[in-house]
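Both backbone and side-chain heavy atoms feed into the values below; hydrogens, waters and symmetry mates do not.
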Amino acid sequence: MIEPNYSIEEEREFLHPGHLACQGCGATIAIRYVLKALGEKTVVVIPACCWSIIAGLFPSSCLGVPLIHTAFETSAVAATGARAALDMQGKEDVHVLAWAGDGGTFDIGFQALSGAAERNENILYCCYDNEAYMNTGIQRSSATPVGAWTTTTPKGGLEDRPKKNIVRIMAAHGIPYAATANVAFPDDLYRKAKKAASIRGMKFIHILSPCPTGWRIPSSESVEVARLATLTNLFPLYEVENGTDLTVNYIPPKKVTVENYLRPQGRFHLMSEEEKEGIQRQVDAAWEALLREAKKR
Amino acid sequence: MKKVLMGNFAASHGVRLSRAQVISAYPITPQTHVVEELSAMVARGELNAKFIKVESEHSALACCIAASVMGARAFTATSSHGLLLMHELLHWASGGRLPIVMVAVNRAIAPGWNIWNEQTDTLSQRDTGWIQLYCASNQEILDTVIQAFRLAETVKIPVMVIYDAFILSHTYEPVDIPDQKTVDAFLPPLKNPEVLKVGEARAFGSVTSPDFHMEFRMKLHDTYERVPEEFEKIEQAYAATVGRTYGAIEPYRCEDAELVMVVAGSLAGPTKMVVDGLRQKGIKAGRIKLKMFRPFPTKPLQEALKNAKKILVLDRNLSPGTGGIFAHELRSALKGDARPVWGFVAGIGGRDITPELIESMFFDAIGADAPVSTTIFKGVRL
Ligand SMILES: Cc1ncc(C[n+]2csc(CCOP(=O)(O)OP(=O)(O)O)c2C)c(N)n1
Ligand code: SF4
Ligand SMILES: [Mg+2]
């Protein structure tokens, strides 16, 4: 269970005004809390994604820490290179944060990510997951959920493959820490980033990051919709230590059906009732399995 | 200290003496020994570096790029398919003005799989903004790696040190290994090398609008104008400390030569021998060994070729539809020059280029006023 009174003690901001994200963008909220947790001694690595724009056009940058932009498929290994250079300079106390979208994580950057995890590189890799390639205009990725409209899953060809379970895949590498987080639960996100910062080796946090533009929701609803993802058990908050030790961090006080999450989002408007019921069944089964696994611990 | 070393080990010693700090590479024949030896050197404590065994060449260069941004002296080595896989990152390294040094062993490209010598892999990367230096002996490989770091760090352009698969990579030759003190005097540690500093809110590689992008590329181009001069200074400094020079080009018996052949890489040896043989027959032949390909040494070439009546280029590479790449570049460097240029393509996919074959090229040029075609394949079985 999440500790209810977690407060974010860090007052400093490393995300400054003037960023270029859309209103209500979850990706900005996400990095804000992660950088608060990591602090000033951090180097950020960002591949091609919405965040390569959000950070600002040359010569400005909206982050209060150094930022290395890198090729789309290279965030984990660029973080590795930065880490190696810092270690050679004796700066082992500096955190290296790879900050990538779902496309850069689940798809094109997966090879480099798997390599870094297998080598147990001392980096924190965060995937802010908005469930599609948003930078290029809302195309499906392997993180796009079943039933979602994107420009490459248009009417009649809605996404029909389940989302890749990235946290379980990363945990299967046996890395010290893998977790999910959600921008609507900032205390939990902050705590996880703090915890990750205290661990040596590869850390991975998968952050659900609402995208009003791609999800077809009003920007004012962004956090509310993200919250529903966890309240409906569709995006549970949990962490896996050393590949096997699973803890569920939040149990919703009452059952909320996935319909409540799907309905407000334009991207799910083309789904049939039957499809939605199918999703409810899948979510229920996955949640039960997760709780069973957590109990085994 | 003299040792008998294969070309790949000569490269590793060059990297060790240069005190590379971050090395990241992926194995590919015929480059493997370079990194095997480097990992052994790191394991034995002879080299204080992070050796990162990445999962691909693409990652190897991405790793070096970020390490270089954070101020480390970075090195990688590859060949053929590995180099082609790096293509995207080659542009990142040069566009980012990062002084990374790479060894690239010239190997043919599939299909079909072919591990033997051919120069098309590196030459097809000619527009990526990397300085390219071709070596003709194992001694030259070791010396060039050390010089490459100083050159890269002086002009802030990455450097590729290139040599032939097997003919050099796997062939043993006596190599003089300078001592560490001598190399340290020639190649001091990087000063204020970081593009980004911890605690400073700056970014590397941000989105650049049309308002800025062009100037960045133009500055890279402009710096290239300085490279030949800086290279010469570095060679002189190296000669003063270590005692060897090679030159951007090395003309041999060209002063009075009527026929001059231009080659790069290990072909410098056999072509020299053929020239000597022709001279004995009373034929005024000469040859130029091209070490620097990017930037293209137009002026020294024009100078060395000024007395030649006929020019020959021997390309162990092919740009299909265009022909030999060195010939193509030389023709454009000699624009407006009426002298005929014979563009010979031979040795593709590692086929032997024998002294007899080279000699036959000279005789082709002796027996005609102009080449029969822009590209002449030699040693073809058809
Ligand atoms: C090698 C390569 N292929 C394609 C692109 C084009 N591209 C840039 S960002 C992007 C999508 C990014 O998606 P994701 O990682 O989910 O981040 P998001 O934009 O959603 O934040 C694509 C396809 C690229 N920059 N590089
Ligand atoms: S498209 Fe979506 S992820 Fe990208 S900046 Fe806008 S809201 Fe954020
Ligand atoms: Mg995305």
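- Of the atoms belonging to Ile65(B), not a single heavy atom falls under 4.5 Å from chain A.
- For the pair Arg202(B) and Leu67(A), the minimum side-chain heavy-atom distance is 4.5 Å or more.
- Neither the backbone nor the side chain of Asp211(B) comes within contact range of chain A; no heavy atoms are under 4.5 Å apart.
- Interface residue Val43(A): only side-chain heavy atoms are found under 4.5 Å from chain B.
- Contacts of Phe216(B) with chain A are made by side-chain atoms alone, with heavy-atom separations under 4.5 Å and no backbone atom involved.
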The test is side chain to side chain contact (heavy atoms under 4.5 Å, CB included); show your working for Leu196(B) and Ile68(A) and say whether it passes. CA-CA 8 Å; Leu196(B) 296 182; Ile68(A) 305 176; 3.6 Å; yes
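- Chain B forms the most heavy-atom pairs under 4.5 Å with one residue out of His16(A), Lys41(A), Glu73(A), Glu118(A), and that residue is Glu73(A).
- Contact count versus chain B (heavy atoms, under 4.5 Å) is highest, among Glu40(A), Glu121(A), Gln89(A), for Gln89(A).
- Inter-residue side-chain proximity for Arg119(A) and Val54(B) is flagged as met; some heavy-atom pair is nearer than 4.5 Å.
- Under the 3.5 Å distance criterion, the side-chain polar atoms of Glu88(B) are left unmatched by any main-chain donor or acceptor of Phe72(A).
- Proximity to chain A is limited to the side chain of Leu89(B), based on heavy atoms less than 4.5 angstrom apart.
- For Leu63(A), the part sitting under 4.5 Å from any heavy atom of chain B is the backbone (N, CA, C, O) and nothing else.
- Listed here is the closest heavy atom pair of Met70(B) and Ala85(A): CB-CB, 3.7 Å.
- Heavy-atom distances place no part of Ala55(A) under 4.5 Å from chain B, backbone and side chain included.
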